[in-house]
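Here the structure is a predicted model, which means the values were calculated and not measured. Position 1 is the first residue of the sequence; numbering continues from there.
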Amino acid sequence: MSVLEIKDLHVSVETDQGTKQILRGVNLTINEGEIHAIMGPNGSGKSTLAYTIAGHPKYHVESGSILLDGAEVLTMTVDARARAGLFLAMQYPVEIPGVTVTNFLRTAKTAIEGEAPPIRTWIKDVRQAMSNLRMDKTFAERNVNEGFSGGEKKRNEILQLELLKPKFAVLDETDSGLDVDALKVVSEGVNRAKANTGLGLLLITHYTRILRYIHPDFVHVFVNGRIAEQGGPELADRLEDEGYDRFLVPSNVG
């Protein structure tokens with residue numbers, strides 16, 4: 001069984017005002033097949049954790065480790081992390097002019113698997129996945145995210161998730177900017193990917209609405225760069241009712 005372990009992770013970033021400490025000792029273990037939701041106020045470090053796992057060069061790891069099945073992720077290049085089974089669905093997916101969705105997906109699949117997928121079955125898989133996500137088939141020949149609406153970009157992220165089949169996926173506020181119908185379709189795609197592959201999920205969100213469709217096993221409250229509290233799905237309901245104020249009193253701020 002695969003496992004992703006984050007151990008005493010401290011991360012900083014350089015700003016105009018100097019070095020800013022963001023993550024202050026994060027500990028988290030995600031087993032294959034588990035769904036972990038991270039919730040917290042703006043600026044608490046949730047996205048920093050996501051990008052650090054993925055290997056964004058902006059973020060400097062001062063200490064700690066991230067282990068995937070016992071292998072140190074922090075020494076891996078970004079592409080090596082993807083080949084090892086990590087996936088990040090970005091909050092703000094970028095446009096890639098000149099690269100079609102079809103070419104991007106096939107190139108990514110080939111890089112991860114080490115060989116190109118059989119063309120006939122691959123085309124069938126792509127068409128089926130797009131149909132499931134209610135994406136028009138013409139999107140396959142459009143440039144990646146170029147001219148896509150917010151909802152279309154998020155569907156394209158989940159299309160990648162379904163086809164690339166990672167061991168662990170980090171979804172960074174995938175629900176932001178989605179209307180109710182798009183949220184349902186995207187959530188169905190995430191649940192389908194999990195059912196088909198047994199992947200582990202780290203779901204970062206501000207709100208509980210996506211948790212009505214993607215049911216977490218564990219909920220973690222992220223405040224001031226660390227996990228302040230954790231529990232089951234009932235914790236998300238409590239946060240919906242009470243907000244984060246009780247975690248932001250001076251005694252809890254480091």
What do the steps show when you test Val73 against Ile53 for side chain to side chain contact (heavy atoms under 4.5 Å, CB included), and what is the final call?
CA-CA 8 Å; Val73 170; Ile53 293 171; 5.6 Å; no

What do the steps show when you test His60 against Glu62 for side-chain hydrogen bond (donor to acceptor under 3.5 Å, both in side chains), and what is the final call?
CA-CA 6 Å; His60 174 67; Glu62 297 186 340; 5.1 Å; no

So His10 and Val26, side chain to side chain contact (heavy atoms under 4.5 Å, CB included) or not? Walk me through it.
CA-CA 7 Å; His10 293 254; Val26 177; over 6 Å; no

Check against side chain to side chain contact (heavy atoms under 4.5 Å, CB included), Val3 and Glu5:
CA-CA 6 Å; Val3 59; Glu5 301 171 277; 3.8 Å; yes

Chi angles and distances behind the side-chain hydrogen bond (donor to acceptor under 3.5 Å, both in side chains) call for Ser12, Gln21
CA-CA 4 Å; Ser12 63; Gln21 190 79 28; 5.1 Å; no

Where do Phe247 and Leu239 land on the side chain to side chain contact (heavy atoms under 4.5 Å, CB included) test, with the steps shown first?
CA-CA 11 Å; Phe247 298 104; Leu239 292 171; 3.7 Å; yes

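The closest donor-acceptor contact from the side chain of Thr107 to the backbone of Asn103 lies under 3.5 Å. A donor-acceptor pair under 3.5 Å is formed between the side chain of Glu234 and the backbone N or O of Gly232. Looking at Glu157, its side chain does come within 3.5 Å of a backbone N or O of Met90 through a donor-acceptor pair. Checking side-chain atoms of Glu240 against main-chain N and O of Asp237 turns up no donor-acceptor pair under 3.5 Å. Remark: side-chain polar atoms of Asn191 are paired, donor with acceptor, to backbone N or O of Tyr213 under 3.5 angstrom. Between the Thr197 side chain and the Lys165 main chain, no donor and acceptor come within less than 3.5 Å of each other. Between the side chain of Asn27 and the main chain of Asp8, a donor-acceptor pair closer than 3.5 Å is present.
The distance from atom CG of Leu235 to atom CG of Leu211, rounded to the nearest 0.5 Å, is 10.5 Å. With rounding to the nearest 0.5 angstrom, the OG atom of Ser63 is 7.5 Å from the CG atom of Leu9. Put simply, CG on Leu202 and CG on Leu4 are 8.0 Å apart, with the number rounded to the nearest 0.5 Å. Atom CZ of residue Arg81 and atom CZ of residue Phe87 lie 15.5 Å apart, to the nearest 0.5 angstrom. Distance check: Phe222 CZ to Glu229 CD gives 14.5 Å after rounding to the nearest 0.5 Å. The NZ atom of Lys20 sits 12.5 Å away from the CD atom of Glu14 when rounded to the nearest 0.5 Å.
Side-chain contact between Val186 and Ile210: absent, with no pair of heavy atoms (C-beta onward) separated by less than 4.5 Å. Annotation: side chain of Pro41 is in contact with side chain of Val223 (closest heavy-atom distance under 4.5 Å). Lys58 places a side-chain heavy atom less than 4.5 Å from the side chain of Val13. In this structure, Thr29 and Ile6 have side chains that are not in contact, with every pair of non-hydrogen atoms separated by 4.5 Å or more. With a 4.5 Å cut-off on side-chain heavy atoms, Glu188 and Asn132 do not count as touching. Counting heavy atoms from C-beta outward, Met1 and Asn31 have side chains that approach closer than 4.5 Å. With a 4.5 Å cut-off on side-chain heavy atoms, Ile35 and Ile214 count as touching. Using a 4.5 Å cut-off on side-chain heavy atoms (C-beta onward), Glu72 and Leu67 make contact.
Between Glu242 and Arg246 there is a salt bridge, with a side-chain nitrogen of the basic residue lying less than 4.0 Å from a carboxylate oxygen of the acidic one.
Residues Val219 and Pro233 come closest through the heavy atom pair CG2-CA, 4.0 Å. For Arg106 against Ala116, the heavy-atom pair with the smallest separation is NH2-CB, 3.6 Å. Of all non-hydrogen atoms in Ile22 and Gly45, the two that sit nearest each other are CG2-CA, 3.9 Å. Here the shortest heavy-atom pairing between Leu68 and Gly85 reads CD2-N, 4.5 Å. Scanning both residues, Leu164 and Leu105, for their nearest heavy atoms gives CD2-O, 4.3 Å. Looking at every heavy atom in both residues, Asp217 comes nearest to Gly33 through OD2-O, 4.1 Å.
The side-chain hydrogen bond (donor to acceptor under 3.5 Å, both in side chains) contacts involving residues 170-184 comprise Ser47-Asp172, Gln91-Glu173, Lys154-Ser176, Glu173-His206, Asp175-Thr205, where partners must be two or more places apart or lie in separate chains.
Hydrophobic clustering (ILVMFWY, side-chain heavy atoms < 4.5 Å, transitive): Phe218 and Leu171 are in distinct clusters. Placement of Leu74 and Phe168 within a single hydrophobic cluster is found when ILVMFWY residues are connected by side-chain heavy-atom separations under 4.5 Å, directly or transitively. Linking Ile, Leu, Val, Met, Phe, Trp and Tyr residues whenever their side-chain heavy atoms come within less than 4.5 Å leaves Val94 and Tyr92 in two separate clusters. In the hydrophobic clustering of this structure, Met130 does not group with Ile119; members are Ile, Leu, Val, Met, Phe, Trp, Tyr whose side-chain heavy atoms approach within less than 4.5 Å, directly or through other members.
Here Thr121 pairs with Pro118 under the side chain to side chain contact (heavy atoms under 4.5 Å, CB included) rule; sequence neighbours left out. Listed by chain and number, the residues in a salt bridge (Lys or Arg N to Asp or Glu O under 4.0 Å) with Arg209 amount to none (sequence neighbours excluded). Legend: residues meeting side chain to side chain contact (heavy atoms under 4.5 Å, CB included) with Asp125, ordered by chain and number and at least two apart, are Leu163. With sequence neighbours left out, the side chain to side chain donor-acceptor pair (under 3.5 Å) criterion links Arg83 to Asp79. Contacts of Lys194 classified as salt bridge (Lys or Arg N to Asp or Glu O under 4.0 Å), with partners at least two apart in sequence or in another chain: none. Scored by the side chain to side chain contact (heavy atoms under 4.5 Å, CB included) test, Val144 finds Ile96, Val99, Val101, Phe104, Asn156 as partners (sequence neighbours excluded). Evaluation of the side chain to side chain contact (heavy atoms under 4.5 Å, CB included) rule for Gln230 yields His220, Ile227 as partners, not counting sequence neighbours. The side chain to side chain donor-acceptor pair (under 3.5 Å) test applied to Arg212 returns no partner, not counting sequence neighbours. Contacts of Ser187 classified as side chain to side chain donor-acceptor pair (under 3.5 Å), with partners at least two apart in sequence or in another chain: none. Applying the salt bridge (Lys or Arg N to Asp or Glu O under 4.0 Å) test to Arg192 and every residue at least two apart in sequence or in another chain returns Glu162. Under the rule for a side chain to side chain donor-acceptor pair (under 3.5 Å), the partners of Lys167 that lie at least two apart in sequence or sit in another chain are Asp69.
Using cut-offs of 30° and 60° on the angle between ring planes, the pair His56 and Tyr59 is perpendicular.
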